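Here's the structure we're looking at; comments come further down.
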Amino acid sequence: MKLLFAFLFFFNLSLNTNAQTCAFFHEGKFKISEKELGITVITRNEKYQTEVNSSFNIVFSITWVDECTYELRPVKVIKGDASILEKEMVVTVEIIDVKKHGYKAICTTNFSEEKSTCIVELLK
């Protein structure tokens with residue numbers, strides 16, 4: 001019986017530790033490497049996320065829904081297709097796997113059923 005309680009205690013502790021590690025990625029500098037878009041550099045602070053690559057430079061507002069899920073809404077297009085500002089687009093990002101130097105996430109939007117998965121690397 002003591003073994004069962006010890007197992008449950010450490011299992012619960014590991015779940016709580018994983019959930020808390022998402023907070024480590026709430027702010028910082030990150031990189032996503034994709035075949036189609038190349039390298040996108042992300043700079044995130046408490047209120048905004050800026051995404052820059054060779055095709056675009058977009059500023060999003062960021063709202064954390066919970067410890068591991070956030071929503072992005074376009075605020076300003078510095079370079080690229082400015083029509084995204086008219087669509088009231090919302091991108092929801094759910095962190096599903098946390099590693100020491102980054103995370104894996106599933107991204108969805110409010111205008112499509114499609115889901116995409118990306119690997120986000122921590123730069124700073």
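Every value quoted in this text rests on a predicted model; they were computed, and no experiment measured them.
Here NE2 of His26 is found 3.5 Å from CH2 of Trp64. Values are rounded to the nearest 0.5 Å. Rounded to the nearest 0.5 Å, atoms CD1 (Ile58) and CD (Glu51) are 7.0 Å apart. Taken to the nearest 0.5 Å, the CD atom of Glu36 stands 7.5 Å off from the CD atom of Glu34. Note that the OG1 atom of Thr43 and the NZ atom of Lys31 stand 13.5 Å from one another [nearest 0.5 Å]. In this structure, NZ in Lys115 is found 8.0 Å from CD in Glu94, a value given to the nearest 0.5 Å.
As summarised for Cys118 and Cys107, their two SG atoms remain at a distance no smaller than 2.5 angstrom, missing the threshold.
Between Leu37 and Phe56 the shortest side-chain heavy-atom distance falls below 4.5 Å. Phe60 places none of its side-chain heavy atoms less than 4.5 Å from the side chain of Arg73. With a 4.5 Å cut-off on side-chain heavy atoms, Gln49 and Tyr70 count as touching. Counting heavy atoms from C-beta outward, Ile96 and Tyr103 have side chains that stay 4.5 Å or more apart. For the pair Ser33 and Glu121, the minimum side-chain heavy-atom distance is below 4.5 Å. Side-chain contact between Ile119 and Ile32: absent, with no pair of heavy atoms (C-beta onward) separated by less than 4.5 Å. Counting only heavy atoms from C-beta outward, the side chains of Asn53 and Ile39 never approach each other to under 4.5 Å.
Val77 and Ile42 fall within the same hydrophobic cluster, where Ile, Leu, Val, Met, Phe, Trp and Tyr residues are linked whenever their side-chain heavy atoms come under 4.5 Å apart, directly or through other members. Under a hydrophobic clustering in which Ile, Leu, Val, Met, Phe, Trp and Tyr are joined whenever their side-chain heavy atoms come within less than 4.5 Å, directly or via other members, Val91 and Val65 fall into different clusters. Hydrophobic clustering (ILVMFWY, side-chain heavy atoms < 4.5 Å, transitive): Ile62 and Val98 are in one cluster. Clustering ILVMFWY residues whenever any of their side-chain heavy atoms sit less than 4.5 angstrom apart, transitively, puts Val90 in a cluster other than the one holding Leu72. Linking ILVMFWY residues whenever their side-chain heavy atoms come closer than 4.5 Å, directly or via other members, leaves Val75 and Val93 in distinct clusters.
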**OP:** Please test Phe24 against Leu122 for side chain to side chain contact (heavy atoms under 4.5 Å, CB included), starting from the C-alpha separation and ending with a verdict.
**Re:** CA-CA 10 Å; Phe24 184 74; Leu122 178 66; 3.5 Å; yes

**OP:** Determine, step by step, whether Val41 and Lys29 satisfy the side chain to side chain contact (heavy atoms under 4.5 Å, CB included) criterion, reporting the C-alpha distance in whole Å, the side-chain angles of both residues, the deciding distance to 0.1 Å, and the verdict.
**Re:** CA-CA 7 Å; Val41 175; Lys29 195 165 188 173; 3.6 Å; yes

Original post:
Could you go step by step and tell me if Thr109 and Thr92 meet the side chain to side chain contact (heavy atoms under 4.5 Å, CB included) rule?
Top reply: CA-CA 6 Å; Thr109 65; Thr92 303; over 6 Å; no

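Minimum heavy-atom separation, Ser83 to Asp81: OG-OD1, 2.8 Å. Here the closest heavy-atom approach between residue Glu67 and residue Ala23 is recorded as OE2-CB, 2.7 Å.
Of the options Thr117, Asp97, Ile95, Thr69, a side-chain contact (heavy atoms from CB on, under 4.5 Å) to Ile106 is made by Thr117 and by none of the others.
Between the side chain of Lys47 and the backbone N or O of Thr63 there is no donor-acceptor pair closer than 3.5 Å.
Remark: Arg44 qualifies as a cation-pi partner of Phe30 under the 6.0 Å distance and 45° angle criteria applied to the six-membered ring.
Residue Tyr48 qualifies as open at atom OH: its count of foreign heavy atoms under 6.0 Å is 12 or below.
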